[in-house]
Amino acid sequence: MLQTQTPAHFAGRESSTQTDATEQASLARMLAPSGERLPNAELDPWVAELDAAAIGALYQDMAIIRRLDAEGTALQRQGQIALWPPLLGQEAAQIGSARALRSDDFVFSSYREMGVVWARGVRPSQLNRVWRGVTASGWDPYEAHMAPLQVIIGAQTLHATGYALGIQNDGADAAAVAYFGDGATSQGDVNEAMVFAASFQTPVVFFCQNNHWAISEPVGLQANRPIADRAPGFGIPSMRVDGNDVLAVLAATRIALDRARTGGGPSFIEAVTYRMGPHTTADDPRKYRDPAELELWAGRDPLARVEAFLRNQGAFTAQFEQQVAEATDAAAAEVRAETIAIPDPDPMELFDHVYAEPHTGLARERSDYLRYLSQFEDPAAPGQPQQAGQTGGAR
Amino acid sequence: MLQTQTPAHFAGRESSTQTDATEQASLARMLAPSGERLPNAELDPWVAELDAAAIGALYQDMAIIRRLDAEGTALQRQGQIALWPPLLGQEAAQIGSARALRSDDFVFSSYREMGVVWARGVRPSQLNRVWRGVTASGWDPYEAHMAPLQVIIGAQTLHATGYALGIQNDGADAAAVAYFGDGATSQGDVNEAMVFAASFQTPVVFFCQNNHWAISEPVGLQANRPIADRAPGFGIPSMRVDGNDVLAVLAATRIALDRARTGGGPSFIEAVTYRMGPHTTADDPRKYRDPAELELWAGRDPLARVEAFLRNQGAFTAQFEQQVAEATDAAAAEVRAETIAIPDPDPMELFDHVYAEPHTGLARERSDYLRYLSQFEDPAAPGQPQQAGQTGGAR
Amino acid sequence: MTVMTLAGAINAGLRAALAADPKTLLMGEDIGALGGVYRVTDGLQAEFGPRRVVDTPLAESGILGTAVGLGYRGYRPVVEIQFDGFIYPAFDQIVSQVSRTHARTRGAVTLPITIRVPFGGGIGSAEHHSESPEAYFAHTPGLRVISPSTPQDAFTMIQQAIACPDPVLFFEPKRRYHVKGEVDVERPLADAAPMGGAHVVVAGSDVTLLAYGPLVATATDAATAARAEGISIEVIDLRSLAPLDLDTLAASVQKTGRLVVTHEAPGFGGLGAEIVASLTERCFDYLEHAPVRVTGFGVPYPPAKLERHYLPDLDRILDGVDRALGRLGAAAAPTVPARGAEVAQ
Amino acid sequence: MTVMTLAGAINAGLRAALAADPKTLLMGEDIGALGGVYRVTDGLQAEFGPRRVVDTPLAESGILGTAVGLGYRGYRPVVEIQFDGFIYPAFDQIVSQVSRTHARTRGAVTLPITIRVPFGGGIGSAEHHSESPEAYFAHTPGLRVISPSTPQDAFTMIQQAIACPDPVLFFEPKRRYHVKGEVDVERPLADAAPMGGAHVVVAGSDVTLLAYGPLVATATDAATAARAEGISIEVIDLRSLAPLDLDTLAASVQKTGRLVVTHEAPGFGGLGAEIVASLTERCFDYLEHAPVRVTGFGVPYPPAKLERHYLPDLDRILDGVDRALGRLGAAAAPTVPARGAEVAQ
Ligand SMILES: Cc1ncc(C[n+]2csc(CCOP(=O)(O)OP(=O)(O)O)c2C)c(N)n1
Ligand SMILES: Cc1ncc(C[n+]2csc(CCOP(=O)(O)OP(=O)(O)O)c2C)c(N)n1
Ligand SMILES: [Mg+2]
Ligand SMILES: [Mg+2]
């Protein structure tokens with residue numbers, strides 16, 4: 001009757017109360033780090049149609065976002081954007097899941113999902129408008145079928161659940177997907193989202209990237225059981241996959257989406273991966289992280305295993321390599337050129353779109369400020385120059 | 001790998017997605033509704049010392065709180081108190097759990113736990129000071145080792161978790177207990193409490209009275225799995241007991257308290273019971289509840305089965321019956337006399353205790369109001385007479 | 001014209017909104033079979049079904065968060081918060097999501113969410129059931145905040161709130177739910193006064209008295225009582241708390257030169273402070289006396305037996321009017337020097 | 001005297017408080033090994049151990065709710081909210097529990113909880129990292145709200161906040177974290193000015209300029225700039241936002257007859273409204289001109305590239321001073337009629 005007791009955790013800074021070996025052994029996997037294709041009766045049917053070319057396309061996606069990620073860090077160092085949250089190490093989790101989606105599915109993500117943004121067809125420089133501090137949202141959510149990046153941890157899981165309730169009301173067969181981190185699972189909102197999703201049986205997929213860290217906090221501080229274990233208690237089926245295995249992630253997401261589309265309700269996927277970089281460019285992981293952990297995970301690289309697999313298949317040809325290199329170079333050059341060229345917003349944009357209908361109070365403030373600005377010869381002059389990252393917090 | 005899919009739920013107004021029979025079969029139980037003592041290898045050792053006299057004392061407690069509950073409703077009808085939340089049907093859940101506590105354990109409860117208040121040694125009329133609208137708290141929490149009744153659903157579960165963290169820091173062997181309802185389990189706070197309790201392994205007992213209803217909402221709207229299933233996903237062992245069986249509740253609570261005292265961390269108990277009355281005296285359950293359900297549960301009365309058990313043991317003697325009758329009559333007479341005699345608070349109490357240290361702003365408001373009041377011959381005169389329940393919402 | 005209670009008028013307004021637009025849906029705790037603890041949604045689930053009138057799990061953040069998602073999907077959610085004191089668990093979703101999504105998406109996503117909140121005291125209820133949290137929301141950019149005081153306004157304004165593409169906090173004066181009044185249910189919404197405008201309820205010339213929600217009736221009573229003493233009070237029902245209809249309010253203060261504002265919420269940092277500050281800015285040269293606030297105190301809402309001391313009532317409002325007229329109200333002596341008084345520095 | 005940054009001074013104050021009372025403990029996200037995203041708790045976990053400096057799960061309501069329980073148990077929790085914009089998930093626990101427990105228990109339970117919040121903008125950060133939510137808390141009975149503007153005050157006031165038996169919101173001006181100043185770390189806390197008092201930072205005679213937190217330095221710069229033009233500004237650092245030190249503020253306004261208040265938060269319903277309203281009540285007969293507010297706008301805090309237009313700066317404050325002096329500031333023309341101007345009704 002009583003469930004097994006779990007080990008005590010207080011001051012421990014281990015990244016999980018599970019050992020690494022236990023954790024790894026618990027994951028659904030199709031591609032070993034060596035590139036070996038592991039048969040998986042449950043997942044195999046869901047990616048059966050993928051030929052080497054299709055897997056090569058996934059590889060190319062991952063290569064591109066890895067490169068865009070590096071460009072993000074570089075652009076931040078060069079002062080072209082204010083902040084960058086690297087996704088290094090999480091390429092398979094993001095591409096595998098996002099490439100399972102249809103265009104009419106709708107994504108509510110957190111701030112680290114540049115790979116998902118890419119897969120939704122948004123121009124990377126559109127995203128960089130956000131990190132450059134030009135706008136809070138770089139794209140039209142209805143064009144990309146993706147909401148703006150969410151900064152409030154966990155809030156978007158409820159939005160996905162509500163959107164999915166709307167899909168259900170409409171009798172549509174689309175799904176909503178919520179992306180969030182391991183740290184987010186501690187937030188009330190994420191748990192309430194599971195309650196609502198289970199109660200209404202909404203077509204929503206909860207996609208948790210457990211990258212082992214929430215800034216400086218190891219996942220073991222948030223949960224002393226595998227995160228995937230939580231959802232079933234809410235009545236939501238869950239799956240724990242190797243988040244560095246793009247095939248397994250793709251297959252698991254397809255299963256969840258299929259369940260959503262066919263009236264099966266919500267699903268929860270825990271993609272176990274690792275944040276290879278700092279939390280953001282403002283963070284210094286040396287303060288809290290054992291470098292040995294990084295080394296361990298470097299051996300589980302999400303791209304390397306696909307490369308090895310394709311090589312085994314004879315599909316990682318010089319020509320393919322060349323094609324990937326060209327595509328990544330082009331993407332990098334493009335994002336760099338476009339980011340640097342992003343113009344500053346007009347001052348009066350401050351007052352735009354706060355309300356959809358005219359608002360007497362704000363209209364007054366706007367006209368007062370316009371009159372104030374008209375005193376200055378250069379309308380960009382007022383205000384002390386903005387000092388990005390002046391105080392250097394790990395935001 | 002994938003957990004079983006749960007049944008769809010949307011508009012269903014059934015009180016649980018489990019059938020009643022499945023639910024009943026899932027409960028740990030020591031006393032059948034018939035009074036038969038069911039052996040239970042896990043629970044038996046924890047109540048082995050209870051002789052007929054001790055079980056008689058539990059019966060007497062339950063009889064008294066049932067009577068006090070009836071008095072509460074009567075006092076409300078007579079306008080002596082403004083509102084009453086009946087506990088009818090939940091006597092075993094409250095007495096069984098509260099009688100497992102030591103005086104140095106600390107209780108954080110919701111608003112329906114008059115039986116727990118009684119067991120903590122608080123005079124019932126102290127509680128009625130709250131429902132009469134005289135004070136927000138009828139007792140000194142440090143005397144009763146019990147916080148004031150909490151109105152914000154679920155908030156107190158975090159308080160219990162924090163208090164337990166303090167116990168742990170102090171190296172004490174006490175425990176904190178959080179009482180809450182089935183509806184409360186949907187609140188973010190309750191889930192965050194489980195996260196914190198599991199992370200810190202605090203000595204806290206989460207005691208959920210699943211009385212099948214949250215005002216008009218059946219438990220199936222909050223959860224489509226047994227509530228006890230949720231805690232293990234957080235790393236918290238849980239148990240589901242027959243909440244109408246005072247022995248099983250007592251035993252389960254003792255297990256959980258023992259775990260707490262010996263460094264075993266948090267536990268979760270779901271006591272499955274039934275709210276036989278309205279949500280409060282302002283509610284009308286005929287709007288939403290099938291009377292057949294009431295009838296079903298009337299056959300599972302928590303007092304009747306103890307009476308039958310004691311009768312079988314030859315311990316439900318005329319003398320015992322007489323003793324219980326006298327004790328309940330005395331408690332009823334006392335609460336009635338004391339409640340009616342509760343004086344109105346002094347107007348200036350309005351300003352007391354908002355701050356522990358002097359506050360210039362409030363001091364000004366206070367002296368202004370005192371001066372204002374001094375205009376009136378009768379200091380109780382100002383203000384339109386308060387109209388309790390004027391608008392009659394089911395608060 | 002139909003005679004309705006204020007609660008009944010909201011019910012009728014909700015029914016009309018549900019009938020008008022299939023994308024409108026109601027969400028909340030106990031709003032279905034029960035019809036809400038105040039029966040404001042009575043009969044609507046039976047009429048429109050459980051997908052249009054949705055009983056939600058017991059979690060306010062969850063309700064508002066899912067409403068945001070429904071808004072993204074093109075729905076028009078009308079959320080009921082069961083009591084004022086239970087809105088705080090949803091504060092983050094309201095302040096960080098509901099209010100900002102239109103600005104965040106540069107206008108691409110509108111969230112026409114209406115949040116209905118029965119608010120205010122005077123009903124002898126338990127803790128957390130008598131709050132006046134409107135100032136928190138009035139201070140939050142991106143939200144509109146309104147409150148009706150009559151059945152007609154309740155009927156009209158709830159429909160205007162729902163039709164409005166911006167998120168609207170709709171504060172219902174719960175102790176006036178049973179007040180009856182005539183409601184014109186036939187008049188097209190387009191012909192009604194806009195929801196952002198204040199109404200002069202009683203015309204007067206000596207003092208401007210501003211109130212909203214539950215205290216409009218009290219203010220009107222005060223005007224009647226004062227008239228007997230020869231004081232002419234102009235009572236204005238704000239109706240819209242954010243934005244304020246400053247043109248209407250300022251016109252009155254410029255006429256009377258004296259201002260009293262009353263609300264149940266604590267005075268410090270309450271809406272009255274904004275009203276006094278902005279009308280002082282606009283009407284400084286017309287003011288004969290410092291504006292006066294008659295409000296709840298800086299204390300948690302008290303137990304029922306003390307609430308009549310907390311709530312502004314006729315006497316306290318008249319005391320405030322006296323002070324605004326420079327007739328030293330008893331409470332005012334030490335803090336507001338009489339006009340022209342010499343005060344040592 | 002030691003030279004410290006403002007962040008370093010808070011760190012030193014926290015260290016002193018931890019050393020002074022074994023019941024004091026720090027809680028928050030990333031405050032342990034990392035020392036907080038701003039390193040304000042740097043080294044404290046190493047010194048006092050993980051039971052005194054506690055990294056919590058990522059859930060703000062959970063942090064405040066457990067702090068309440070710890071308070072019940074006799075602890076003195078000092079909570080860090082990582083950024084201003086992340087305090088809203090804890091709003092319910094703060095407003096319904098932290099602020100009310102002392103009143104609710106009729107004084108039996110004190111909750112000496114300090115809530116540290118790095119606040120304000122000007123750092124070029126992302127959404128939700130530059131908020132000024134102080135008005136929400138100032139309007140909440142049962143809380144005290146303070147904000148230091150110098151390293152010395154940061155060092156002293158954090159210790160006073162922790163020592164205070166009431167819950168205190170401690171707003172840290174994050175864009176001033178790296179400002180350096182002399183700190184007397186030896187002076188006993190008992191000898192320091194009380195945390196509730198305002199400080200006259202620059203004495204002056206023409207206009208009273210009130211600021212707090214990050215804008216005190218800007219206000220001081222404005223006074224310097226104005227002096228060159230022959231205008232004497234008295235700058236007062238509020239230090240305590242709730243309660244306000246009205247005696248000190250009113251004395252200044254009674255001297256100067258003119259008032260400007262500045263803060264980063266939106267003006268509507270902001271703290272400036274309360275200050276203007278209460279000083280108008282107290283000083284009406286001394287005021288030569290309507291008080292002026294120079295604040296953030298009624299918009300969600302903007303993206304970094306626009307924040308210099310949002311934030312009150314030297315020029316906007318001086319424009320406000322001009323307006324308070326009756327020299328028509330450009331922005332003021334239409335809404336504030338010049339003193340004595342005839343305005344048609
Ligand atoms: C409500 C809230 N609290 C705190 C933060 C600050 N914060 C930003 S990211 C982060 C860690 C998130 O960790 P996780 O959910 O695991 O996502 P990851 O960064 O690993 O992708 C924190 C605490 C926030 N953004 N929102
Ligand atoms: C945060 C909050 N939301 C809503 C309410 C209104 N309310 C009071 S009791 C109740 C139902 C609670 O149900 P449950 O937790 O099952 O406890 P029970 O009443 O059955 O004992 C509700 C919704 C509240 N008190 N607090
Ligand atoms: Mg993470
Ligand atoms: Mg219940």
Side-chain angles (χ1 to χ4, degrees), chain A residues 106 108 130 135-143 147-152 154-170 172 174 176 178 187-189 191-200 202 204 349-364, chain C residues 22-23 25 27 51-52 54-75 77 89 92-93 95-97 99-112 138 141-144 164-167 194 196-197 240 242-247 274 278:
Chain A
F106 207 100
F108 293 85
V130 175
T135 174
S137 168
W139 58 85
D140 180 334
Y142 293 122
E143 275 173 24
L149 305 183
Q150 178 59 248
V151 173
I152 300 294
Q156 76 280 11
T157 57
L158 282 164
H159 307 166
T161 302
Y163 190 95
L165 184 55
I167 292 174
Q168 189 187 58
N169 281 346
D170 293 342
Q187 286 285 4
D189 273 6
N191 293 282
E192 293 188 10
M194 289 197 273
V195 169
F196 278 65
S199 185
F200 297 136
T202 56
V204 61
E349 276 191 28
L350 201 52
F351 301 94
D352 290 348
H353 304 302
V354 178
Y355 299 92
E357 283 201 338
H359 184 280
T360 53
L362 191 57
R364 227 170 2 246
Chain C
K23 291 289 190 187
L25 47 78
M27 311 170 64
R51 281 185 183 274
R52 302 286 308 284
V54 185
D55 269 338
T56 66
L58 206 179
E60 288 77 9
S61 189
I63 298 172
L64 267 299
T66 50
V68 168
L70 282 159
Y72 260 93
R73 181 77 190 176
Y75 283 84
D92 180 56
Q93 285 286 346
V95 165
S96 300
Q97 309 299 332
S99 71
R100 301 188 196 193
T101 297
H102 194 260
R104 181 178 296 153
T105 62
R106 310 305 298 153
V109 178
T110 54
L111 291 184
L143 302 176
R144 294 175 189 270
C164 178
D166 295 315
S240 175
L244 288 166
D245 178 3
L246 285 180
D247 291 341
E274 176 59 41
S278 51

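As the structure is a computational prediction, the values presented were derived from the model and not from experiment. Below, all heavy atoms of this structure are taken into account, side chains as well, without hydrogens, waters or symmetry copies. Numbers restart at 1 for each chain; the letters A, B, ... are given by sequence-line order, proteins then strands.
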Which atoms of [X] are under 4.5 Å from chain C, going by heavy atoms: the side chain, the backbone, both sets, or neither?
X	value
A:A193	neither
A:A197	neither
A:E349	both

Is a side-chain N or O of [X] found less than 3.5 angstrom from the main chain of [Y], in a donor-acceptor match?
X	Y	result
A:H353	C:H102	no
A:D140	C:A108	no
A:Y142	C:Y72	yes
A:Y355	C:L143	yes

How long is the span from the [atom1] atom in [X] to the [atom2] atom in [Y], to the nearest 0.5 Å?
X	Y	atom1	atom2	value
A:D170	C:R73	CG	CZ	4.5 Å
C:D55	A:S199	CG	OG	9.5 Å
A:D352	C:R106	CG	CZ	5.5 Å
A:Q187	C:S61	CD	OG	9.0 Å
C:L25	A:L165	CG	CG	7.5 Å
C:Q97	A:Q156	CD	CD	8.5 Å

Non-hydrogen atoms of [X] and [Y] that approach each other most closely:
X	Y	answer
A:E192	C:G62	OE1-N, 2.6 Å
C:P165	A:E357	CG-CG, 3.4 Å
C:I63	A:F196	N-CZ, 3.5 Å

Heavy-atom pairs under 4.5 Å with chain C: which of A:I152, A:T135, A:T161 has the most?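 So the answer, after comparing A:I152, A:T135, A:T161, is A:I152.
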Name the member of A:L362, A:T202, A:N191, A:I167 that forms the most heavy-atom pairs with chain C at distances under 4.5 Å.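 Heavy-atom pair counts peak at A:I167.
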Of the backbone (N, CA, C, O) and the side chain (C-beta and beyond), which part of [X] lies under 4.5 Å from a heavy atom of chain A, both, or neither?
X	answer
C:S96	side chain
C:T56	both
C:D92	side chain
C:L246	side chain
C:A67	neither

